[in-house]
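What follows is a set of notes on a single structure, which appears directly below.
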Amino acid sequence: MTTITYYFSPLSPFSYLAGTRLEDLAEEFSATIAYRPFDIMALFAKTGGVPPKQRHPSRQAYRLAELKRLSVLNDLPITLAPRHWPTDPVPASLAIIAAATSPESRGSTGALVHDLMARCWAREQDIADSNVINDCLTTAGFDPAAVLPAGDAAAAAYARNTESALADGVFGAPSYILDGHLFWGQDRLGHLRAMLEGRFSE
């Protein structure tokens, strides 16, 4: 079965604004998604990226304008300056990793990912808060008590995700890998579709 490796950060507004389009593509093409939350700040440090608040004012202004436009085009509400951003992305990332490897078939990793990002970018909740994380797990169909004890293994997987992202040529979020080919940005989901359709010869 075809697998799409999805590198993202729960703190990335562009990952949030992708909505469920990746999941829709995976369902349409009978593909699976390997959810790989990673340490985007560590990756920036190794690939020459600059955190948003350290960018030139013109770049910061354009980023905000683009987020507004994408919010409208993708029909997803967004708060441009969330009360709890930035926050520690590790607790949410570890919960996602633990849930993705949970034997609970009734849970949806995709639903968990989108709920956590919406809590940050649309509902102004702190996704480093254990109560918020537990509520997201429950809403997505997971039992927090069964998922969260996997935290140590998830922490090791989080570090591996960051290293594998670097090895795969990733330099930002969201990024999608299909058959060794990198697609960066939610606005490249159309390119990913074309790859799934076999329209690219590469």
Yes or no on side chain to side chain contact (heavy atoms under 4.5 Å, CB included) for L17 and W121, after CA distance, side-chain angles and deciding distance? CA-CA 9 Å; L17 289 169; W121 288 102; over 6 Å; no
Determine whether F183 and L189 satisfy the following criterion, side chain to side chain contact (heavy atoms under 4.5 Å, CB included), listing intermediate values before the conclusion. CA-CA 8 Å; F183 300 88; L189 283 167; over 6 Å; no
Test log, rule side chain to side chain contact (heavy atoms under 4.5 Å, CB included), inputs D39 and V90: CA-CA 8 Å; D39 186 342; V90 174; over 6 Å; no
Verdict with supporting geometry, D115 and R123, side chain to side chain contact (heavy atoms under 4.5 Å, CB included): CA-CA 10 Å; D115 192 15; R123 298 174 61 180; 4.0 Å; yes
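Across every non-hydrogen atom of A122 and P77, the tightest pair is CB-O, 3.7 Å. For the pair P51 and F44, the tightest heavy-atom approach, listed with the atom from each and the gap, is N-CD1, 4.0 Å. Nearest heavy atom pair, residue A99 against residue L137, reads CB-CD2, 4.1 Å. The heavy-atom pair separating C120 from P82 by the smallest distance is O-CB, 3.4 Å. Nearest heavy-atom pair, H84 versus E124, reported as atom, atom and distance to 0.1 Å: CD2-O, 3.4 Å. Here the closest non-hydrogen pair linking A95 and L112 is O-CD2, 4.0 Å.
Distance alone, capped at 3.5 Å, is enough to place a donor-acceptor pair between the T139 side chain and the D135 backbone. Side chain of S71 to main chain of L67: no donor-acceptor pair is present (N/O by atom type, distance under 3.5 Å, no hydrogens or angles). Judged by distance alone, the side chain of R59 and the main-chain N or O of H56 form no donor-acceptor pair under 3.5 Å. In this structure, the side chain of D168 does not engage the main chain of V170 through any donor-acceptor pair within 3.5 Å. Listed for the H114 side chain is a donor-acceptor partner under 3.5 Å among the backbone atoms of G19. Checking side-chain atoms of N161 against main-chain N and O of P37 turns up a donor-acceptor pair under 3.5 Å. A distance-only check finds a donor-acceptor pair linking the side chain of W85 to the backbone of L11 [under 3.5 Å].
The aromatic rings of F200 and H191 sit perpendicular, their planes meeting at an angle over 60°, well past the 30° parallel limit. Below 30°, between 30° and 60°, or above 60°: for Y6 and Y176 the angle between ring planes is below 30°, a parallel geometry.
Looking at E28 and R193, their side chains come closer than 4.5 Å, going by heavy atoms from C-beta outward. Contact of the I96 side chain with the F8 side chain is registered, since non-hydrogen atoms from C-beta on lie closer than 4.5 Å. The shortest distance between side-chain heavy atoms of Y7 and S164 falls below 4.5 Å. L70 is not listed as a side-chain neighbour of I78, based on a closest heavy-atom distance of 4.5 Å or more. Side-chain contact between Y35 and V113: present, with at least one pair of heavy atoms (C-beta onward) separated by less than 4.5 Å. Contact check for P86 versus M41: no side-chain heavy atoms found under the 4.5 Å cut-off.
L94 and F142 are not part of a single hydrophobic cluster, where members link through side-chain heavy atoms under 4.5 Å apart. A continuous path of ILVMFWY side-chain contacts below 4.5 Å connects F14 to L76, so both sit in one hydrophobic cluster. Hydrophobic clustering keeps L182 apart from M195 (ILVMFWY residues linked when any side-chain heavy atoms are closer than 4.5 Å, directly or through intermediates). Each of L25 and I177 belongs to its own hydrophobic cluster when Ile, Leu, Val, Met, Phe, Trp and Tyr are linked at side-chain heavy-atom distances under 4.5 angstrom.
In this structure, CD in E23 is found 4.0 Å from CD1 in I33, a value given to the nearest 0.5 Å. Between D126 atom CG and R119 atom CZ the span is 12.0 Å, to the nearest 0.5 Å. Going from atom CG of N134 over to atom CG of D143 covers 9.5 Å, rounded to the nearest 0.5 Å. Here the CG atom belonging to L192 is positioned 5.0 Å from the CD1 atom belonging to I4, to the nearest 0.5 angstrom.
A salt bridge between E163 and K46 is present, with a side-chain N of the basic residue lying under 4.0 Å from a carboxylate O of the acidic one.
Residue E27 qualifies as open at atom CD: its count of foreign heavy atoms under 6.0 Å is 12 or below.
Each of V132, N131, L116, I133 was compared with Q125 under the side chain to side chain contact (heavy atoms under 4.5 Å, CB included) criterion, and only V132 meets it. Applying side chain to side chain contact (heavy atoms under 4.5 Å, CB included) to M117 and the options S15, P13, C136 leaves one that passes, S15.
Side-chain contact, N74 with Q186: a donor N or O sits under 3.5 Å from an acceptor N or O.
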